[in-house]
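Here's the structure we're looking at; comments come further down.
In this chain, numbering begins with 1 at the start of the sequence shown. Remember, it's 1-based here, ligands and their atoms both numbered in the order they're listed.
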Amino acid sequence: MRISKNVASLKPSGIRKFFELIIGRDDVISLGVGEPDFPVPWRIREEIIYSLEKGITSYTSNYGLYELREKISEYYKKFGVNCGVDNIVVTTGVSEAIDIAIRSILNFGESILIPEPCYVSYSPLTILAGGIALSYPTNPDFIPYYEDMIKIAERAERDGRKIKAIIINYPNNPTGVSYTKNTLEEIADFAVEKDLIVISDEIYAELSYSFKHISIAALEGMFERTIILNGFSKAYAMTGLRVGYVIAPEDLINAMLKIHQYCMLCAPVISQVGAIEALRSEDELDEMREEYIRRRNYIVKKLRNVLDVRKPDGAFYIFPSIKNTGLSSEEFAKKLLFEKNVAVVPGNAFGESGEGYIRCAYAVNMDKLKEAVGRIVEFVENL
Ligand code: PLP
C-alpha cells in the first residue's frame, strides 16, 4: 500500500465531511464552523499592510519574533503564569502547537489520555505520532473528575500501557464547558500522582463568561509539567493568519523547537507582526465577549424550550442533547439541514461520547442566529 498505515487508519474530520454537503449553498444558515464572524480588528490589519509595504517578508527566528514573545510573556500574567521569553515558541496556529506538543513527548506505543468530547485533532495527531489515543467520555456534565481519571489510568497500567500526558481544553470545543479552580486542582493532583505532562489548550481563554480563566500552569508546581497552547485565531478573529504559540519549561520548549524548526521553520512573519499589534490593546476583546454573551444567553433560552441544554461557560459553542428526539446526531443534523437549511455539527464528530448531541456555533450575527434558532425549534417541535 502506498499510504502509511497510520494515515490510512485515520477517519476524515467529521466537521469537514459534513460541510462538504453545504458548499455553494447560500440558502443555508451555518452554525457549523468555529470561526468568529467579526473582522480582524482594523489596527491589526493596518499593521500587517504597513509591514508588507516596508518589505517585511523574511523568515523570523525559529522561536518567533522576540517582541512578540515578550508581549506573550507579559500577557500570560493575566492567567496567573510567569514565564520568560525563552519559554515561548510562536507556531503556525494552535494546530501546529498541538502537533509539536504531542510529537515532542511521545515514544512509540505510549498513550495520551483524552477526555471526550473534544477538539477533532487530538486523537489523529496522537496516532500520527505513533501513540495511542486513550479517549474516555466525560458525559453527562463534561468535566474530567479525579476518580474517573484515576480509574482509567489504573486500568491502562494493568494492561501494561504507559500514559505520558493528558490533553485538556477549556473553555471547551465543542461543549463550551470551562474548568473552575477546583476542577483544575483535581486534574493537577491526577497529573502529579501519575507523573503526567498536561497539554492545556487554552485557545478560548479570552472567551470565558461564567468565571475568570486560570491556566492550569499557574497552580503550584504545575508549570514544570504543563505545555500551554494558545493563539490568535479565536480571540482576535485571526483564523486565516495562522499564528499561535506554546509556553512550556525549557526542556519541553527545546524539544518542540527542534520539530518546529524542521517542519515549519517559523510562523508567517506578517502574522507575527499582526499578533504584536493584537496584544497592544484589549478593547475589541471586551466588545466581542459582550456580543458572544448576548448570543449565548439568547440561544440557550430559546433552545431550552425544546432540548436539554447546559449553559456554556465560554467559547462560542453550545452542545445540546438531542436524545429526546430519538434521532442519532447525524440523522438530526442531516434532517435539519435538508428540511430547514440550518447546518450544525453532529456531536459524534468530537468522539463517540458526543453521540446524542449536536454542536451549534453562535459565531454568526444576531439576525442569522435568531432565524436559525427559530428554525431549529420549529424542527424539533414538528418531529
Ligand atoms: N484548539 C481548539 C480547541 C480549537 O477549537 C481550534 C480551532 O477550532 C484549534 C485548536 C485550532 O486553532 P488554530 O486556528 O490556531 O490552528
Side-chain angles (χ1 to χ4, degrees), residues 13-19 30-38 40 44 64 68 72 88-102 112 114-126 133 135 138 142 144 165-179 198-208 213 215-216 227-247 256 260 263-264 266-268 271-272 274-275 278-279 292 312-319 344-345 347 349-351 354 359-364:
S13 157
I15 305 183
R16 296 288 148 205
K17 188 182 86 183
F18 200 74
F19 279 87
S30 176
L31 304 184
V33 184
E35 171 142 26
D37 56 313
F38 298 101
V40 178
I44 299 174
L68 176 55
I72 293 168
I88 300 167
V89 170
V90 178
T91 57
T92 306
V94 175
S95 301
E96 189 216 348
I98 300 166
D99 185 32
I100 62 174
I102 293 174
I112 298 205
I114 307 179
E116 277 187 357
C118 69
Y119 182 54
V120 292
S121 77
Y122 303 150
S123 289
L125 291 176
T126 303
S135 309
T138 55
F142 309 122
I166 174 170
I167 301 191
I168 54 172
N169 164 228
Y170 64 102
N172 181 273
N173 175 8
T175 63
V177 169
S178 197
Y179 302 159
V198 178
I199 301 177
S200 181
D201 183 343
E202 304 182 11
I203 190 167
Y204 297 101
E206 283 295 352
L207 306 179
S208 296
H213 181 87
S215 174
I216 191 163
I227 302 176
I228 298 170
L229 318 176
N230 206 332
F232 296 83
S233 290
K234 312 292 176 173
Y236 291 92
M238 286 168 61
T239 47
L241 293 167
R242 313 306 306 130
V243 54
Y245 51 91
V246 288
I247 303 179
M256 287 187 279
H260 173 75
C263 78
M264 201 60 67
C266 66
S271 304
Q272 293 193 53
L279 292 180
Y292 285 132
D313 306 307
F316 36 58
Y317 309 105
I318 65 163
F319 203 59
V344 297
V345 183
F350 308 95
R359 188 193 77 174
C360 311
Y362 45 93
V364 293

| query | Can a non-hydrogen atom of K234 be found less than 4.0 Å from any atom of ligand 1? | reply | yes
| request: Kindly state whether the ring of H213 and the ring of Y204 have centres lying under 6.0 angstrom apart. | output: no
| request: Flag Y317 as yes when one of its N or O atoms lies below 3.5 Å from any N or O atom of ligand 1, and as no otherwise. | output: no
| What is the minimum heavy-atom distance between I318 and Y362, and which atoms define it? | CG2-CE2, 3.8 Å
| said: Students often mix this up, so state it plainly: with edges at 30° and 60°, are the rings of Y122 and Y119 parallel, tilted or perpendicular? | reply: perpendicular
| message | Starting from atom 1 (N) of ligand 1, what is the nearest protein heavy atom, named by residue and atom, and what distance separates them? | response | D201 OD2, 2.6 Å
| query | Quick one: does ligand 1 sit under 4.0 Å from the side chain of Y204, the backbone, both or neither, non-hydrogen atoms only? | reply | side chain
| field | Rounded distance (nearest 0.5 Å) linking atom CD1 of I199 with atom CD1 of I98 | value | 9.0 Å
| task | Carefully, step by step, assess H260 and V89 under the rule side-chain contact (heavy atoms from CB on, under 4.5 Å). | result | CA-CA 9 Å; H260 173 75; V89 170; 3.8 Å; yes
| atom 12 (O) of ligand 1: which protein heavy atom is closest, and how many Å away? | I203 CD1, 3.3 Å
| query | Is the closest N or O pair between Y122 and ligand 1 shorter than 3.5 Å? | reply | no
| Considering distance alone, does some N or O of R242 sit under 3.5 Å from an N or O of ligand 1? | yes
| message | Using heavy atoms and a 4.0 Å limit, tell me yes or no: is E96 in contact with ligand 1? | response | no
| query | For ligand 1, is any non-hydrogen atom under 4.0 Å from S95's backbone (N, CA, C, O), its side chain (CB onward), both, or neither? | reply | both
| Hey, what's the ring geometry for F38 with Y292, parallel, tilted or perpendicular (30° and 60° as the breaks)? | perpendicular
| request: Examine the proximity of ligand 1 to N169 and report which part, side chain or backbone, both or neither, has a heavy atom under 4.0 Å away. | output: side chain
| Close N or O approach (V94, ligand 1; < 3.5 Å) | yes
